[in-house]
Amino acid sequence: MISSLFNTLFYNPLYNGLVLLIDVLPWLDLGLAIILFTILVKLALFPLSQKSVRTQAKIKEVEPQIKEIKEKYKDKQEQAVKTMELYKRENINPFSGFFVILIQIPIIFALYFIFLRAGFPEINTEILYQFVKIPKQINTVFIGLIDVLEKSFILALFAGITQFFQAKLASPKLEPKKEGAGFGADFARSMSLQMKYVFPIIMFFIAYSISAAIALYLTTSNLFMIGQELYAKRALNKEKNG
């Protein structure tokens, strides 16, 4: 039931969109089509994802004040109350980003599965809409150099590198480790370090173990997120400076 609903609402429409793009722009190779299609989907989601990015950027801005609250108020409940008061003053809804991300998750998974098991250059005609034509020919060699159906060390490396910079840009600045820090501080620090250094390595192995198509999708997605982070920070700085 859930699988059928996921296919109907997310996988099938996105798959048909990619096939339609290749048919309308036959000069595109599959690699360029993946890049363009990923950008188009990201642009469609931009209003939603931008709200999440702006929320995270604003939370990062008030981190020094949150740190002061934690140092001043030792009681956890009081810390929570004062932190929420700070968010209210700064017009920050810390939960809005979570709901926005939740909405995007099925779309992200659908894109991932399309590039994972779409079966190009053959087309899955069983899920093709009537108005979507089967492309006469699909060139799977990206810019005449890399077959996106095969593994690519270079593109997988790009996926890992762009993931590192995206995580670095999105992660809060880590304070020097203090002796006697509580479990919560150590856990948050550990998670931040893993997101910055370990996850890009995992991303590299995922991209390399599957195909260059996945690597292209991940790289394009990461670069778009980097641009979005920079855009959000610039917009917030403009708002602050009037």
**Student:** Quick one: pull up CG in L9 and CG in L14 and give me the separation to the nearest 0.5 Å.
**Tutor:**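 The distance works out to 10.5 Å.
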
**Student:** As an exercise, state the distance from CD1 of I201 to CD1 of I206, rounded to the nearest 0.5 Å.
**Tutor:**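 Going from the CD1 atom of I201 to the CD1 atom of I206 covers 12.0 Å.
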
**Student:** Tell me whether the rings of F6 and F10 are parallel (<30°), tilted (30 to 60°) or perpendicular (>60°).
**Tutor:**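 The arrangement is tilted - the two ring planes meet at 30° to 60°.
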
**Student:** Considering only distance and modelled atom types, tabulate donor-acceptor pairs under 3.5 Å from the side chains of residues 214-229, sequence neighbours left out.
**Tutor:**
from : atom 1 : to   : atom 2 : distance (Å)
T219 : OG1    : A159 : N      : 3.2
T219 : OG1    : A215 : O      : 2.8
T220 : OG1    : L216 : O      : 2.7
S221 : OG     : K42  : NZ     : 3.1
N222 : ND2    : A159 : O      : 3.3
N222 : ND2    : T162 : OG1    : 3.1
N222 : ND2    : L218 : O      : 3.1
Q228 : NE2    : S49  : OG     : 2.7
Q228 : NE2    : Q50  : OE1    : 3.2

**Student:** In residues 134-147, what donor-acceptor pairs under 3.5 Å come from side-chain atoms, sequence neighbours left out?
**Tutor:**
from : atom 1 : to   : atom 2 : distance (Å)
N139 : OD1    : V141 : N      : 3.1
T140 : OG1    : D147 : OD1    : 3.1
D147 : OD1    : L149 : N      : 3.0

**Student:** Apply ring-ring contact (aromatic ring centres under 6.0 Å, His included) to F153 and list each qualifying residue two or more places apart in sequence or on a separate chain.
**Tutor:**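 Here the qualifying residues are F204.
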
**Student:** Could you grab the distance from atom CG of L28 to atom CG of L21, nearest 0.5 Å is fine?
**Tutor:**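 Nearest 0.5 Å value for the CG-CG distance: 6.0 Å.
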
**Student:** Would you sort out whether L32 and L25 count as a side-chain contact (heavy atoms from CB on, under 4.5 Å), showing the intermediate values?
**Tutor:** CA-CA 10 Å; L32 290 173; L25 302 174; over 6 Å; no

**Student:** For L20, enumerate each residue passing the side chain to side chain contact (heavy atoms under 4.5 Å, CB included) test, keeping only those at least two apart in sequence or located in another chain.
**Tutor:**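 Scan of L20 (side chain to side chain contact (heavy atoms under 4.5 Å, CB included), adjacent residues dropped) gives V24, V132.
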
**Student:** Who are the side chain to side chain contact (heavy atoms under 4.5 Å, CB included) partners of I154, not counting sequence neighbours?
**Tutor:**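 Result, side chain to side chain contact (heavy atoms under 4.5 Å, CB included) vs I154: S152, F158.
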
**Student:** Test side-chain contact (heavy atoms from CB on, under 4.5 Å) on I114 and L18; report intermediate values, then the result.
**Tutor:** CA-CA 9 Å; I114 282 172; L18 178 59; 3.9 Å; yes

**Student:** Output the distance between atom CG (N12) and atom OG1 (T8), rounded to the nearest 0.5 Å.
**Tutor:**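 If we round to the nearest 0.5 Å, N12:CG and T8:OG1 are 6.0 Å apart.
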
**Student:** With Y129, which residues qualify under ring-ring contact (aromatic ring centres under 6.0 Å, His included), at least two apart?
**Tutor:**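 With neighbours one apart ignored, the set is F131.
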
**Student:** Any chain of hydrophobic side-chain contacts (each under 4.5 Å) joining L230 to F165?
**Tutor:**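 Per the 4.5 Å side-chain linkage, L230 and F165 are co-clustered.
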
